[in-house]
Amino acid sequence: MGYIHCCGALHRTRTYCLVPQSDYTVCEIDYLKRCPICGSLSVQLTRIDKEDNLSVIRKQNAKGIKFFEKLKKFILYEEKTQDYSKIPVGKFYLNYNEFGVKKRCYSNLSSLKIGKVKSSDF
């Protein structure tokens, strides 16, 4: 998701990837349906050309609606971000150290040496 700066704050937007035009490598459009502070609609087109120059076009309210309708036919897909807070994490914990001895203290994980062999032959 992208962000649009409006009313002194960054607001999350819906981001759409557009078909790149002839001179541009990346084209994205950010759509903020309603600013929580002022209530205005904002549409922002961000493009990057072959020399890595950035161009931004931003329209609000009625002009923004017309601008979004005009660019709607060039939309390829909507960019969805993954919510990393909902990724399942395993609860497995290894209770043995590198020598195969049961751990007594959990604070020594940073000093753990995996693969170390306790032997007097070396």
Side-chain angles (χ1 to χ4, degrees):
M1 286 198 175
Y3 293 93
I4 288 182
H5 188 268
C6 183
C7 301
L10 290 174
H11 302 290
R12 279 192 183 200
T13 60
R14 296 179 76 171
T15 303
Y16 300 97
C17 186
L18 300 177
V19 176
Q21 297 168 353
S22 60
D23 297 335
Y24 296 98
T25 56
V26 176
C27 292
E28 289 183 349
I29 190 166
D30 294 317
Y31 180 75
L32 178 64
K33 188 169 186 173
R34 184 177 184 276
C35 175
I37 299 168
C38 65
S40 67
L41 175 133
S42 296
V43 177
Q44 179 174 316
L45 175 67
T46 307
R47 300 180 293 188
I48 301 175
D49 65 359
K50 295 177 181 174
E51 287 86 32
D52 292 333
N53 296 323
L54 183 72
S55 68
V56 176
I57 301 169
R58 184 173 173 183
K59 305 283 183 179
Q60 289 187 324
N61 296 329
K63 289 184 180 179
I65 294 171
K66 290 178 187 175
F67 188 60
F68 186 71
E69 291 296 325
K70 181 178 155 185
L71 294 174
K72 207 178 232 184
K73 59 185 173 187
F74 297 114
I75 293 177
L76 292 175
Y77 57 90
E78 180 179 358
E79 293 182 3
K80 300 272 186 180
T81 56
Q82 186 175 4
D83 187 12
Y84 291 106
S85 64
K86 296 179 183 176
I87 294 176
V89 179
K91 295 183 175 142
F92 175 76
Y93 185 77
L94 185 62
N95 291 320
Y96 293 89
N97 67 2
E98 64 268 17
F99 303 114
V101 180
K102 195 161 186 129
K103 290 182 192 173
R104 292 192 180 119
C105 179
Y106 292 102
S107 64
N108 64 351
L109 288 177
S110 62
S111 65
L112 204 113
K113 296 176 183 82
I114 303 296
K116 189 173 179 181
V117 178
K118 187 176 181 180
S119 177
S120 61
D121 295 337
F122 295 120

For residues 19-38, the ring-ring contact (aromatic ring centres under 6.0 Å, His included) pairs (sequence neighbours left out) are Tyr31-Phe68
In short, ring-ring contact (aromatic ring centres under 6.0 Å, His included) pairs touching residues 41-63 with sequence neighbours left out are none
Any idea which heavy atoms bring Cys17 and Glu79 closest together, and the distance?
CB-OE2, 4.1 Å
Heavy-atom closest contact (Lys50 atom, Thr25 atom, distance):
CG-CG2, 4.1 Å
Please assess Tyr16 against Glu28 for the test side chain to side chain contact (heavy atoms under 4.5 Å, CB included), listing each intermediate value before the final yes or no.
CA-CA 6 Å; Tyr16 300 97; Glu28 289 183 349; over 6 Å; no
Roughly how far apart are [X] [atom1] and [Y] [atom2], rounded to 0.5 Å?
X     : Y     : atom1 : atom2 : value
Asn53 : Ile48 : CG    : CD1   : 10.0 Å
Gln60 : Cys38 : CD    : SG    : 6.5 Å
Cys27 : Arg47 : SG    : CZ    : 6.5 Å
Arg58 : His5  : CZ    : NE2   : 8.5 Å

Go through the steps for Ile75 and Leu18 under the test side chain to side chain contact (heavy atoms under 4.5 Å, CB included), then give the verdict.
CA-CA 4 Å; Ile75 293 177; Leu18 300 177; 3.5 Å; yes
Ser40 side chain near Asn61 side chain, heavy-atom distance below 4.5 Å:
yes
Answer yes or no: is there a side-chain heavy-atom contact under 4.5 Å between Ile29 and Phe74?
no
Any sub-3.5 Å donor-acceptor pair from Thr13's side-chain atoms to Gly2's backbone N or O?
yes
Donor-acceptor pair, side chain of His11 and main chain of Cys6, under 3.5 angstrom:
yes
Please identify each residue that fulfils side chain to side chain contact (heavy atoms under 4.5 Å, CB included) with Asp23, with sequence neighbours left out.
none
Shared hydrophobic cluster for Leu32 and Leu41 (ILVMFWY, side-chain gaps under 4.5 Å)
no
Under 4.5 Å between side-chain heavy atoms, counting indirect links through other Ile/Leu/Val/Met/Phe/Trp/Tyr residues: same cluster for Ile57 and Leu71 or not?
yes
If you measure from the Lys or Arg side-chain nitrogens to the Asp or Glu carboxylate oxygens, is any gap between Lys72 and Glu69 under 4.0 Å?
yes
